[in-house]
Number of protein chains: 2
Amino acid sequence: MPKQVDHDERRRQIGDAVCRVIAARGLNAVSLRHVAAEAGVSMGRVQHYFATVDEMLMFAFDLISERVAARLGAVHSDDPAKYLRAILLELLPLSPDARAEAPVLAAFLAQAVVEPRLGVPLHEGNEQMVAWLAGMITAVRPGGDPKRDAMALLAFVDGLMLQVLIGQVTPEAAEDLVDHQLSRVLT
Amino acid sequence: MPKQVDHDERRRQIGDAVCRVIAARGLNAVSLRHVAAEAGVSMGRVQHYFATVDEMLMFAFDLISERVAARLGAVHSDDPAKYLRAILLELLPLSPDARAEAPVLAAFLAQAVVEPRLGVPLHEGNEQMVAWLAGMITAVRPGGDPKRDAMALLAFVDGLMLQVLIGQVTPEAAEDLVDHQLSRVLT
DNA sequence: TGTTTTACGATGCGTTCGCATTGCAAAAAC
DNA sequence: GTTTTTGCAATGCGAACGCATCGTAAAACA
């Protein structure tokens, strides 16, 4: 057989190309041909690593989910308030990495409206996020209804992410709004 | 010639079918054949009223935009706080009408990320909404930074709309969150 | 060294797509 | 009653699609 290749690495490379296609032209532009062209490989190779387009999309979804989780995991702070702020800002398309990933997330988010299968992993991620946010809110300002605050905060940043992506809100204004919203919640 | 038909009415019927297809299966399911089938007419008829699929989609976008505007325009209250609350709730997929329209809005919102042409009308609607919200906020609680509050509130309801559509948040919880958020902003 | 297995590249097939073209019945216009 | 115009239905076409299949170079294995 030909030289043994790193199977996972190849899948990741193709998954990367899928994400780039989604970010540039949306979910419906994801086809074997476009992805192969974007990845700079043959259609045959793409088919060798993914049986169907659907499997390819699911892999891409897992891929950016992990990327976002990794970015969030890299955030640290001893001050709960600063930690909370940093995490919320990390969810917005402000850094180059986040700006590359956010359009993909948004596309899958919208697809989840008409494709319930995507809802399951999204739901888990949201639950985790709400729990973490609630914990941080409690750490800064005990009492009240931290879970409710957390859910409101998450809805707020999700909406804000879209507004920034669409260009309704500038990155600077978004950061300002996050601070404003946080000051409301944490006092 | 055959009997004179109401041109606008026919376009509206087809546009309706487009919206139903979007709500059920997403934007990429919008094709001449699917729309014709959904509307119960021939492909020829659809082509007779819309030169291209793109024109059809733009018409559908205008259509639901007007529908949402009409729903918002039907809301009235002398109490600014109640008025504000009612408008925000009207933006969420709580009533049957809103539940039918919200998935379509969400699909166009996501499409706007990769198709800047959609951004223009969305931007206008958002500006109007922010101005109105800011006015209402000032009426209830003068001073502060009403525009900033309005932008935050809009991002919040946009995100909440998506969460409800995806099933992460129940309609009841969404209503509760709106009240909670409003109490934070208005005091 | 021969055999097997792996990783593809290439090609083909049936389907669906948007859109153009054609044809025609029927009512309006005269 | 004739002519003209309108509102479609039907069909065709080239492109793009997902996916199956086939062929093959090459490394691992015997």
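Values in this document were obtained by computation on a predicted structure and should not be read as measured data. Each chain gets a letter, A, B and so on, in the order its sequence line appears, and its residues count up from 1.
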Grab the [atom1]-[atom2] distance between [X] and [N] for me, whole Å please.
X: B:Gln47; N: D:dA10; atom1: CD; atom2: C1'; value: 11 Å
X: A:Arg33; N: C:dT15; atom1: CZ; atom2: P; value: 16 Å
X: B:Asp6; N: D:dT6; atom1: CG; atom2: P; value: 16 Å
X: A:Ile14; N: C:dA7; atom1: CD1; atom2: P; value: 12 Å
X: B:His48; N: C:dT21; atom1: NE2; atom2: P; value: 17 Å
X: B:Met43; N: D:dC13; atom1: CE; atom2: P; value: 15 Å
X: A:Gln13; N: C:dA7; atom1: CD; atom2: P; value: 14 Å
X: A:Glu9; N: C:dA7; atom1: CD; atom2: C1'; value: 16 Å

Inset, instruction - Measure the CG-CZ distance between A:Asp179 and A:Arg85 for me, rounded to the nearest 0.5 Å. - result: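 A:Asp179 CG to A:Arg85 CZ: 4.0 Å, rounded to 0.5 Å.
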
Inset, instruction - Report the distance from atom CE of B:Met43 to atom CG of B:Leu32, rounding to the nearest 0.5 Å. - result: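 CG of B:Leu32 is found 5.0 Å from CE of B:Met43.
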
Inset, instruction - Please state whether the rings of B:Trp132 and B:Tyr83 are parallel, tilted or perpendicular, taking 30° and 60° as the class boundaries. - result: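 Correct class here is perpendicular.
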
Legend entry - Sugar-phosphate only, base, or nothing, as touched by B:Arg10 at under 4.0 Å among non-hydrogen atoms: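 Sugar-phosphate: the residue B:Arg10, judged by heavy atoms under 4.0 Å, touches backbone atoms but no base.
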
Legend entry - Nearest-neighbour nucleotide for the B:Val5 side chain, C:dA10, C:dC19, D:dG7 considered: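 Closest of the options to the side chain of B:Val5: D:dG7.
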
Legend entry - Residues B:Gln13 and B:Glu9: side-chain donor-acceptor under 3.5 angstrom: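 Side chains of B:Gln13 and B:Glu9: pair found under 3.5 Å.
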
Inset, instruction - Indicate whether any N or O donor in one side chain lies under 3.5 Å from an N or O acceptor in the other, for B:Arg10 and B:His48. - result: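 The criterion, which ignores hydrogens and geometry beyond distance, is not satisfied for B:His48 and B:Arg10.
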
Legend entry - A:Asp54 and A:Arg117: CA distance, side-chain angles, deciding distance, salt bridge (charged side-chain N to carboxylate O under 4.0 Å, His left out) verdict: CA-CA 11 Å; A:Asp54 204 75; A:Arg117 289 160 46 223; 2.5 Å; yes

Inset, instruction - Could you check B:Val46 against A:Thr52 and say which one's nearest nucleotide on DNA chain D is further toward the 5' end? - result: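 First, find each residue's nearest nucleotide; the 5'-ward one identifies B:Val46.
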
Inset, instruction - Check DNA chain C against residues 16-32 of chain B and give the residues with a non-hydrogen atom under 4.0 Å, in numerical order. - result: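 B:Val30, B:Ser31, B:Leu32 - these, ordered by number, are the residues of the stretch whose heavy atoms sit under 4.0 Å from the strand.
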
Legend entry - Any A:Gln4 side-chain nitrogen or oxygen under 4.0 Å from OP1 or OP2 of C:dA7: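 Affirmative; the distance criterion is met.
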
Inset, instruction - Would you indicate, yes or no, if C:dC17 has its OP1 or OP2 atom less than 4.0 angstrom from a side-chain nitrogen or oxygen of B:His34? - result: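 Yes.
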
Legend entry - ILVMFWY cluster, A:Val120 and A:Leu57 together (side-chain gap under 4.5 Å):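 No: no chain of side-chain contacts under 4.5 Å links A:Val120 to A:Leu57.
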
Inset, instruction - Assess whether one donor atom and one acceptor atom, taken from the side chain of B:Arg45 and the base of D:dG7, lie less than 3.5 Å apart. - result: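 By the distance-only test, no, there is no pair.
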
